[in-house]
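Keep in mind it's a predicted model, so treat the numbers as computed, not measured. In this chain, numbering begins with 1 at the start of the sequence shown.
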Amino acid sequence: MRLQIVTPLAVEADLTDIAAVRADDSTGSFVILPQHADFITALTISVVEWSTEADEKGHIAVRGGILRVEGGERVQIAARQAISGPTLEKLGSAVLDQLHEEAETEARTRVAATRLHMGLIRQLDRYLQTGRGYFLPGAEGAFSSQAEEPAEAIDEQWG
């Protein structure tokens, strides 16, 4: 069989003479052998393992992805991210370190986005509480007033 593992940035593996491929999807672990029926599944974050006909083994961790078996002789995996290592033990620590770092970065990004979102909502709420106007798409100004207030009253209200 031929095994191809690709990410948006690189071809992580393009191997021939593969005897078996093991991967994980939401239903659990499974093995693909030569002459397997055509198959497609969504992978979970897992380690894809393979063995060659010469009994050599390999491992690559994937952060989700799609696995496709085509013609019983080609296994293709498209993943958002793939991390390879020479041994399973070294791969495990590399993956954990990288996934922890990414989780922290994603958490910081979510917090920053939530703060921006809440700030926008507060600003819109303050503006709408003034009673100065409402949104009219296609109007000359972005907001139109029902009754124009003198500029001095607006300055006093907003300081």
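Taking CD1 of I83 as the reference point, atom OG1 of T7 lies at 10.5 Å (rounded to 0.5 Å). Of the inter-residue distances, the one linking T52 atom OG1 with K57 atom NZ reads 8.0 Å to the nearest 0.5 angstrom. To the nearest 0.5 Å, atom CE of residue M1 and atom CD of residue E70 are 13.5 Å apart. With rounding to the nearest 0.5 angstrom, the CZ atom of R122 is 10.0 Å from the CG atom of D125.
The cluster map of Ile, Leu, Val, Met, Phe, Trp and Tyr, joined by side-chain heavy atoms under 4.5 Å apart, puts I32 and I60 in the same cluster. Follow the hydrophobic side-chain contacts under 4.5 Å out from V62 and you reach L3 in the same cluster. Linking Ile, Leu, Val, Met, Phe, Trp and Tyr whenever their side-chain heavy atoms come within less than 4.5 Å leaves V6 and I66 in two separate clusters. When the side chains of ILVMFWY residues are joined at heavy-atom separations under 4.5 Å, either directly or via intervening members, V48 and V31 end up in two distinct hydrophobic clusters.
Remark: side-chain polar atoms of T27 are not paired, donor with acceptor, to backbone N or O of D25 under 3.5 angstrom. Side chain of T44 to backbone of S46: no donor-acceptor contact under 3.5 angstrom is found.
R115 pairs by the side-chain contact (heavy atoms from CB on, under 4.5 Å) definition with V111, not counting sequence neighbours.
Residues E73 and Q35 bring a donor and an acceptor atom of their side chains to less than 3.5 Å of each other. Checked by atom type, the side-chain pair R126/Q129 shows no donor-acceptor distance below 3.5 Å.
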Please tabulate, for side-chain N and O atoms in residues 14-23, each donor-acceptor pair with protein atoms closer than 3.5 Å (sequence neighbours left out).
{"from": "D14", "atom 1": "OD1", "to": "R2", "atom 2": "NE", "distance (Å)": "2.9"}
{"from": "D14", "atom 1": "OD1", "to": "R2", "atom 2": "NH2", "distance (Å)": "3.0"}
{"from": "D14", "atom 1": "OD2", "to": "R2", "atom 2": "NH2", "distance (Å)": "2.8"}
{"from": "R22", "atom 1": "NH1", "to": "D24", "atom 2": "OD1", "distance (Å)": "2.8"}
{"from": "R22", "atom 1": "NH1", "to": "S29", "atom 2": "OG", "distance (Å)": "2.9"}
{"from": "R22", "atom 1": "NH2", "to": "V47", "atom 2": "O", "distance (Å)": "3.1"}
{"from": "R22", "atom 1": "NH2", "to": "E49", "atom 2": "OE2", "distance (Å)": "3.1"}

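With salt bridges taken as basic N to acidic carboxylate O contacts below 4.0 Å, one links E106 and R63.
Here the side chains of W50 and V75 are not in contact, with every heavy-atom distance at 4.5 Å or above.
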From CA spacing to verdict: side chain to side chain contact (heavy atoms under 4.5 Å, CB included), E102, Q81: CA-CA 11 Å; E102 289 172 2; Q81 182 180 15; 2.7 Å; yes
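Residue G64 comes nearest to A79 through the heavy atom pair O-CB, 3.3 Å, listed as atom of the first residue, atom of the second, then distance.
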